[in-house]
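Here's the structure we're looking at; comments come further down.
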Amino acid sequence: MKHNGNIEELNIETLGYYLDRALNAMIKKLNKLFVEHNIDLQHSQYTVLKVLWCKNGVSQSKLSKILGKDPAAVSRALNYLEQKGYIIRKSLNSKTNGIYLTDYANSRKEEIDHVADLITESATNSMTDYQREILTQLLTKIYYNTK
């Protein structure tokens with residue numbers, strides 16, 4: 001085992017290990033920054049908002065598919081967001097609700113995105129724009145290859 005700073009490096013030769021470790025570190029840091037900036041969200045709720053800022057009015061089942069998340073986890077995030085005034089649910093038909101952002105959610109978008117962007121900047125601070133683009137392409141390829 002090698003030590004790198006405060007992290008004990010293990011010789012675990014799996015991509016999943018490195019992806020999971022990086023994602024968990026980013027989530028932990030984002031959640032901490034949200035608290036520090038008095039933003040009443042967790043990463044899981046933020047990802048729901050990001051989708052809704054792009055595709056407002058989507059159904060809960062479609063939202064679950066877009067996020068690649070368990071419907072129960074999406075339901076928990078939506079319940080929290082509804083309770084905090086970020087979303088409302090409106091009937092699309094007799095069986096399906098559309099999830100819509102409130103004015104409150106839209107008024108906080110810039111502030112929330114700014115904090116989230118701090119994490120991305122921190123995580124990629126020694127990368128060139130080209131490397132960031134390649135990273136995005138590679139992660140997208142991994143997603144579609146394993147979907």
Side-chain angles (χ1 to χ4, degrees), residues 1-89 97-147:
M1 285 183 241
K2 298 182 284 184
H3 292 282
N4 182 3
N6 295 332
I7 298 174
E8 189 173 287
E9 291 290 331
L10 304 174
N11 192 18
I12 299 176
E13 298 289 327
T14 68
L15 180 60
Y17 167 75
Y18 293 108
L19 289 170
D20 189 55
R21 183 174 71 168
L23 177 61
N24 285 326
M26 290 179 71
I27 289 170
K28 188 175 185 178
K29 193 169 185 180
L30 178 62
N31 288 342
K32 182 179 177 190
L33 277 180
F34 278 158
V35 170
E36 290 172 5
H37 287 83
N38 296 314
I39 296 172
D40 55 347
L41 294 173
Q42 294 284 310
H43 170 264
S44 59
Q45 295 137 11
Y46 171 68
T47 58
V48 169
L49 288 177
K50 283 299 284 186
V51 171
L52 292 173
W53 281 320
C54 293
K55 196 167 181 71
N56 199 22
V58 68
S59 71
Q60 185 171 328
S61 62
K62 178 77 172 175
L63 186 59
S64 180
K65 288 176 186 167
I66 291 169
L67 290 168
K69 301 270 185 189
D70 178 64
V74 172
S75 180
R76 284 189 300 275
L78 290 173
N79 289 340
Y80 181 86
L81 291 169
E82 188 172 39
Q83 176 189 8
K84 292 295 182 175
Y86 286 95
I87 63 150
I88 56 172
R89 300 172 201 214
N97 285 327
I99 313 300
Y100 294 88
L101 294 164
T102 63
D103 289 341
Y104 175 68
N106 289 323
S107 73
R108 300 213 52 203
K109 181 185 186 307
E110 188 175 319
E111 171 191 14
I112 293 166
D113 276 344
H114 171 72
V115 172
D117 288 345
L118 293 174
I119 300 304
T120 302
E121 290 168 17
S122 173
T124 62
N125 77 0
S126 63
M127 294 181 191
T128 65
D129 289 342
Y130 176 73
Q131 288 171 323
R132 287 183 187 107
E133 178 61 30
I134 294 298
L135 176 61
T136 300
Q137 290 174 10
L138 290 171
L139 291 172
T140 301
K141 187 172 248 349
I142 289 168
Y143 171 77
Y144 283 111
N145 285 346
T146 57
K147 186 175 166 185

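We count residues from 1, following the sequence as given. A quick note: this is a predicted structure, and the numbers were derived from the prediction, not measured.
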Which of V48, V35, L81 passes side chain to side chain contact (heavy atoms under 4.5 Å, CB included) with L41? It is L81
Check your understanding: Side chain of H37, backbone of L33: donor and acceptor closer than 3.5 Å?
Key -> yes
Residues D113 and Y46: closest non-hydrogen pair is OD1-OH, 3.0 Å
With the side chain counted from C-beta on, respond yes when I119 and I27 share a heavy-atom pair under 4.5 Å apart, and no when they do not.
no
Closest heavy-atom pair, A77 versus S44, reported as atoms and distance to 0.1 Å, is CB-O, 4.2 Å
Nearest heavy-atom contact between L52 and V58 is CD2-CG1, 3.6 Å
Subject >> Donor-acceptor pair, side chain of T102 and main chain of G85, under 3.5 angstrom >> reply: yes
Margin query: Would D20 and N24 count as a side chain to side chain contact (heavy atoms under 4.5 Å, CB included) here? Give the steps.
Written below: CA-CA 6 Å; D20 189 55; N24 285 326; 3.2 Å; yes
With sequence neighbours left out, the residues meeting ring-ring contact (aromatic ring centres under 6.0 Å, His included) with Y104 are Y86
Rounded to the nearest 0.5 Å, the CG atom of D40 sits from the CZ atom of R108 at a distance of 5.5 Å
Backbone N or O of T136 within a donor-acceptor pair of the T140 side chain at under 3.5 Å? yes
CG (L49) and CG (N106) are apart, to the nearest 0.5 Å, by 9.5 Å
task = Determine whether more than 12 heavy atoms belonging to other residues, nucleotides or ligands lie under 6.0 Å from atom CG of D103.
result = no
Quick one, S75 and Q60 - any side-chain contact, counting heavy atoms below 4.5 Å? yes
Carboxylate-amine/guanidinium proximity below 4.0 Å for R76 and D70: no
*asked:* Under a 3.5 Å distance rule, please check whether T124 uses its side chain to pair with a backbone N or O of M127 as donor and acceptor.
replied: no
Interatomic distance, NE2@H43 vs CG@N31, rounded to 0.5 Å, equals 8.0 Å
Note to self: Has N125 got a side-chain atom pairing as donor or acceptor with E121's backbone, closer than 3.5 angstrom?
What the structure shows: no
Decide side chain to side chain contact (heavy atoms under 4.5 Å, CB included) for L30 and Q42; before the verdict, give the C-alpha distance in whole Å, the side-chain angles of both, and the deciding distance to 0.1 Å.
CA-CA 8 Å; L30 178 62; Q42 294 284 310; over 6 Å; no
Value for OH (Y100) from CD1 (I88), rounded to nearest 0.5 Å, stands at 8.5 Å
- Query: Under the 3.5 angstrom rule, does the side chain of T146 hit a backbone N or O of I142 as a donor-acceptor pair?
  - Reply: yes
Heavy-atom nearest pair, K69 first then S64, reads O-OG, 2.5 Å
CD1 of I66 to OG of S59, rounded to nearest 0.5 Å, is 8.0 Å
dist N97:CG -> I87:CD1 (nearest 0.5 Å) comes out at 9.5 Å
Legend entry - Check against side chain to side chain contact (heavy atoms under 4.5 Å, CB included), Q45 and I112: CA-CA 11 Å; Q45 295 137 11; I112 293 166; over 6 Å; no
Taking CD in E36 as the centre, count heavy atoms belonging to other residues, nucleotides or ligands within less than 6.0 Å. Is the count above 12?
yes
